[in-house]
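Sequence positions, counted from 1, serve as the residue numbers for this chain. Everything numeric in this text was worked out from a predicted model, so none of it was measured.
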Amino acid sequence: MTTASLLDVAGLETHFPVRKGLLRRQVGSVRAVDGVSFSIAKGRTLGLVGESGCGKTTVGRSVLRLVEPTAGTVRFAGADVRGTHGAALRALRRRMQIVFQDPYGSLNPRMTIRAILEEGLVIHRLGTPPERLARMQAALERTGLTAAALERYPHEFSGGQRQRIAIARALVLEPDFLVLDEPVSALDVSIQAQVVNLLVELREQFGLTYLLISHDLSVVEHVSDEVAVMYLGRIVEHATADALYRTPLHPYTLALFSAVPRIDPADRRRRIVLTGDVPSPARPPAGCRFHPRCPLAETVCRSVDPPATVIDGHRVHCHVAARELDRGGSAAAAAARLAEMMAGDTPDRIGTGNSA
């Protein structure tokens, strides 16, 4: 833990029981999050990326205790989130808000925008009715909407406007930390850019701290100061955004980046196609969890969980990457060798499809 950190997560685990039979006895558990650790400094953004089902959203909800973690510690501004209850937890949650992925599903269609924005203020007993109105109007204006929106219903707005309302709902409580769970994935591309720029402006204006959960690597690169890559409940690589995008070291990260489409037809790349299916989080494989799909997997990968290898703050969990780094040279040279090894005989072609 660093003293400058606003949020510190250590050994976070969130397992969901699997029950069968007439008596619904537990016969196993789904290890959605299985030993995740990271820190976020005040005013910074950590991007959490990975394919669907890797546990990204569960991490965000576990940090806020919308889902109860199974183990691990979560400290926010020095306070133990998991050990806080009652009124103290309610006060802490005012400073920790979330923007959900689906802007329509997260807004009650039977409530006006005024009722939606005022609900949190009433729960936390903030201000008189005139003061609450002023705060709601200010929150809407910050997100590019007018006070006239207060008397309307969610279905009367476009997708981008609904997401702005969801952001205003979080901002009205004046939080320090926001979990952004796929905040633009449900929006049109043209609207995505507007909302992303809005989030950047709000962070700079109010000194907000973000945990950005996304599968869109372009959005993550634009917004994040640091990026963590998740696979099957664990973080496999963590570095500054510049270092990760310039010198990815984990085979899984290399495969993700190779799938990002390029606008320039002349900018061709070697597409890395992963074979096989993602293992079940109820029965994760021994050793490195990526080894069943990794073209570089060796004997040690199948039996030994790779420890963290750190070079200049760039953390990677991979036996092969660790060996390449031990060979000497820079991280960039090791990343280039790993990219060549990963590509193998795969033909050159422009990357297409979803980035995660």
Q: May I have all residue pairs that pass side chain to side chain donor-acceptor pair (under 3.5 Å) and include part of residues 109-118, sequence neighbours excluded?
A: Arg114-Glu151, Glu118-Arg132

(Q) What's the separation between atom CG in Leu274 and atom CG in Leu256, rounded to the nearest 0.5 Å? (A) 8.0 Å

Q. Taking only residues two or more places apart in sequence, or in another chain, which ones meet His250 in a ring-ring contact (aromatic ring centres under 6.0 Å, His included)?
A. Phe290

Q | Residues Glu51, Arg293: salt bridge by 4.0 Å N-O rule | A | yes

Q: Please confirm whether the backbone N or O of Met230 pairs with a side-chain atom of Lys56, one donor and one acceptor, at under 3.5 Å?
A: no

Q. Would the number of heavy atoms belonging to other residues, nucleotides or ligands and lying under 6.0 Å from CZ of Arg315 be above 12?
A. no

Q.
I want to check something: taking the side chain as every heavy atom from C-beta on, are Leu46 and Asp225 in contact at a cut-off of under 4.5 Å?
A. no

Q | Transitive ILVMFWY side-chain link Leu107 to Val172, under 4.5 Å | A | yes

Q: Please say which of Arg323, His291, His319 ends up in a side chain to side chain donor-acceptor pair (under 3.5 Å) with Glu298.
A: Arg323

Q: Any ring pair (Phe, Tyr, Trp, His ring centres under 6.0 Å) involving residues 161-201? Give me the pairs, sequence neighbours left out, ordered by first then second residue.
A: none

(Q) Taking Arg337 first and then Glu340, would you say they form a salt bridge - that is, a charged N and a carboxylate O separated by under 4.0 Å? (A) no

**Q.** side chain to side chain donor-acceptor pair (under 3.5 Å), paired with Gln101, selected from Ser185, Ser106, Ser214
**A.** Ser185

(Q) Quick test of your reading of the model: are Asp305 and Arg289 salt-bridged, counting only N-O distances below 4.0 Å? (A) no

Q) Could you give the distance from CG (Asp216) to NE2 (His222), rounded to the nearest 0.5 Å? A) 11.5 Å

(Q) By the definition side chain to side chain donor-acceptor pair (under 3.5 Å), identify the one residue from His314, Glu226, His317 that meets it with His238. (A) Glu226

Q.
Just checking Asp277: does its CG atom have more than 12 heavy atoms from other residues, nucleotides or ligands closer to it than 6.0 angstrom?
A. no

